[in-house]
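A short write-up of the structure that comes next.
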Amino acid sequence: MSVSKETKKVTTHTLQRMKAAGEKISMITAYDFSFARIFDQAGIDVILVGDSASNVMAGHETTLPITLEQMIYHASSVIRAVNRCLVVVDLPFGSFQSNSEIALASAIRIMKETGAHAVKLEGGEEEIDSVKRIVSAGIPVMGHLGLTPQSIYKFGTYNVRAKEEAEANKLKKDAQLLEEAGCFGIVLEKIPAVLAKEVSESLTIPTIGIGAGGFCNGQVLVMHDMLGINTEFKPRFLRQYLNLYEQVTGAVQHYVADIKSQDFPNENESY
Ligand code: KIV
């Protein structure tokens, strides 16, 4: 039997065992009660309440505007739906950067006010003090390296990161430092598959890839992308499992037509 089936609630220790057993970890983003319930019951291991909520829920161009309060609202909704998954919540831009005291206070608010199980933060060496401080308060931390969207204005594009040797070396060092600082896992976003393989093999903690190839210990996608709610975002790494945009459009057009034609509601749908 797989590790994930025999374990009732997924914990950070479960993920560690899954890596050791060679079982891949499934992770998806969610931001509300209804989808989180579906994902939990469908067998997902980890739900990420990502700051991508800033894009897909609020319609912002970047992840920078979302606030800690808004992340707490989304995470609380997700937590109410979940029985089995591990729920990880992003520390949003401005709630942790380069200040371990603020980082700890933000992480504590997330844990206390949402009931989430862990936090995630973007960055390597420059955030190590924050990671150590949060971990020593008993809060599990997931790292995030590679394309870190909170730094989009530094990068200038959403292109693949760490293709050059210097950036790849920094990423490898950052991954090592995050593991030593106590992270229970690291998201690797949009980096070459060979680099993700090397990092995954060099760490004892699991790596979760998005646009980082098949050698990571798990995979994550943004729910709106994999369900085809977003139609305009089609990067090479994305596998779209549904075209919900088309299906919802068809259903809503049908509903409108039924109202206009007075087909809805019929006698059985009336009191
Ligand atoms: O915010 C998010 O959805 C993320 C994933 C892309 C990993 O950080």
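This one's a predicted model, so the numbers in the text were calculated from it and none came from an experiment. Counting starts at 1 for both ligands and their atoms, following the listed order.
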Verdict with supporting geometry, M111 and V89, side-chain contact (heavy atoms from CB on, under 4.5 Å): CA-CA 9 Å; M111 301 298 281; V89 182; over 6 Å; no

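Looking at D51 against ligand 1, both its backbone and its side chain come within 4.0 Å, counting heavy atoms. Contacts between D90 and ligand 1, counted as non-hydrogen atom pairs separated by less than 4.0 Å, involve the side chain only. Of the heavy atoms in I210, only side-chain atoms (C-beta onward) come closer than 4.0 Å to ligand 1.
Under the 30°/60° scheme for interplanar angles, the aromatic rings of Y31 and H224 are found to be tilted.
Salt bridge annotation for D45-R84: present, with a cationic side-chain nitrogen under 4.0 angstrom from a carboxylate oxygen.
No donor-acceptor contact under 3.5 angstrom links the side chains of E126 and Q97, judged on distance only.
Contact between K120 and ligand 1 is present, with at least one heavy atom of the residue lying under 4.0 Å from the ligand.
Atom CG of residue D32 and atom NE2 of residue H74 lie 9.0 Å apart, to the nearest 0.5 angstrom.
Here F33 is tied to no hydrophobic group at all, with no ILVMFWY side chain closer than 4.5 Å.
The nearest protein atom to atom 7 (C) of ligand 1, hydrogens excluded, is given as L48 CD2, 3.7 Å; this is a heavy-atom distance.
Atoms of ligand 1 lying under 4.0 Å from any heavy atom of H144, numbered from 1 in the order shown and given with element: 8 (O). Of all atoms in ligand 1, numbered sequentially from 1 with element shown, those under 4.0 Å from a heavy atom of V222 are 3 (O).
A search for salt bridge (charged side-chain N to carboxylate O under 4.0 Å, His left out) contacts involving K19 returns nothing, not counting sequence neighbours.
Considering G50, S52, A53, A30 only, the shortest heavy-atom separation from atom 3 (O) of ligand 1 involves S52.
For T29, no nitrogen or oxygen atom sits less than 3.5 Å from a nitrogen or oxygen atom of ligand 1, counting backbone and side chain alike.
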